[in-house]
Amino acid sequence: MKVIALLAWKGGVGKSTLTINLATAAIEEGHKVGIIDLDPQSSLSEWSDRREAEQPFVSDAKPRAVAQIVEAGRGIGLDLMLIDTPPNATDEVEAALAVADTIIIPTGVALFDLKAVTRTVRVATQANKPFSVVLNRIGNRSDREANRIRRELNKVGMPILREVIHDLKVFKNSSDLGLTAIEQESEGKGAVDVRAVWKLVSKQAGLRAKTRARKNVSEVA
Ligand SMILES: Nc1ncnc2c1ncn2[C@@H]1O[C@H](COP(=O)(O)OP(=O)(O)O)[C@@H](O)[C@H]1O
Ligand SMILES: [Mg+2]
């Protein structure tokens with residue numbers, strides 16, 4: 001089982017959204033997936049209550065219980081455990097860092113966001129864990145701007161994933177319904193973004209797909 005922690009020293013940058021969406025991309029590849037919700041606001045536990053699907057298994061947890069839940073996840077044969085964290089809370093972040101194999105840091109591309117990301121990157125570096133930054137909420141006509149920012153940040157040694165998540169209504173709408181982008185619009189833009197980011201994240205985590213890639217509609221017909 002691989003453990004991926006989502007971390008950001010800032011609220012509202014997409015940690016929880018990315019957590020559930022990456023979970024679905026992993027499930028689609030045949031993985032058995034759990035989520036540890038370390039945010040005291042319990043937004044993912046509430047999201048899970050709105051769902052009917054069994055997976056991902058979501059546990060609301062206090063920092064001291066994390067290691068035990070990770071072991072329990074291993075025990076029931078999970079392939080992947082994602083950990084969603086609150087911004088700023090050191091106990092939660094420490095608990096997540098202690099068990100994570102790899103770290104994903106979502107960020108917006110406003111100057112404020114990019115300043116905050118430097119701090120998160122420092123935390124990940126100090127923890128001596130592999131990490132990468134995912135640019136989130138990229139405007140639909142802003143890919144060039146995102147590319148520019150990625151190059152700048154790469155120059156200062158910050159690993160930014162090549163694929164980005166665009167600013168799309170499906171992310172909010174689907175989570176309000178207890179779903180994810182892939183579940184709501186399997187062939188939509190949000191789903192395409194999530195699968196592209198998951199491909200890079202799963203590679204970073206060393207997790208290989210269990211099932212063959214989905215057949216696209218024309219292949220099935
Ligand atoms: N790529 C996106 N496109 C549109 N809305 C998004 C996107 N990512 C996140 N959001 C919305 O932004 C808000 C904050 O996201 P959230 O995942 O809760 O951030 P965090 O967990 O970092 O605080 C939520 O309302 C969410 O639906
Ligand atoms: Mg959150």
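Side chains are part of it too, since the values below use all heavy atoms of this structure and drop only hydrogens, waters and symmetry mates. When a residue number appears, it is its place in the shown sequence, counting from 1. Whatever order the structure lists them in is the order used to number ligands and atoms, beginning at 1.
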What closest approach, in Å, do Pro56 and Ala23 show between heavy atoms, and which atom pair accounts for it?
CG-CB, 4.0 Å
Test side-chain hydrogen bond (donor to acceptor under 3.5 Å, both in side chains) on Ser16 and Asp84; report intermediate values, then the result.
CA-CA 6 Å; Ser16 303; Asp84 187 26; 2.6 Å; yes
Side chains of Ser45 and Asp37: any donor to acceptor distance under 3.5 Å?
yes
Lys210/Asp79 salt bridge by N-O under 4.0 Å criterion
yes
Side chains of Gln204 and Ser132: any donor to acceptor distance under 3.5 Å?
yes
Using a distance-only test with no angle check, is there a side-chain donor-acceptor pair under 3.5 angstrom linking Arg151 and Asn154?
no
Tell me how many protein N, O or S atoms are closer than 2.8 Å to the Mg ion (ligand 2).
1
Can you find a side-chain donor-acceptor pair between His166 and Asn140 that sits under 3.5 Å?
no
Measuring from each atom of ligand 1, which residues have a heavy atom under 4.0 Å away?
Gly11, Gly12, Val13, Gly14, Lys15, Ser16, Thr17, Asn136, Arg137, Ile165, His166, Asp167, Leu168, Phe171, Lys172
Answer yes or no: is there a donor N or O on one side and an acceptor on the other, between the side chain of Glu183 and the main chain of Thr180, under 3.5 Å?
yes
Is the closest side-chain donor-acceptor distance between Glu163 and Trp198 under 3.5 Å?
no
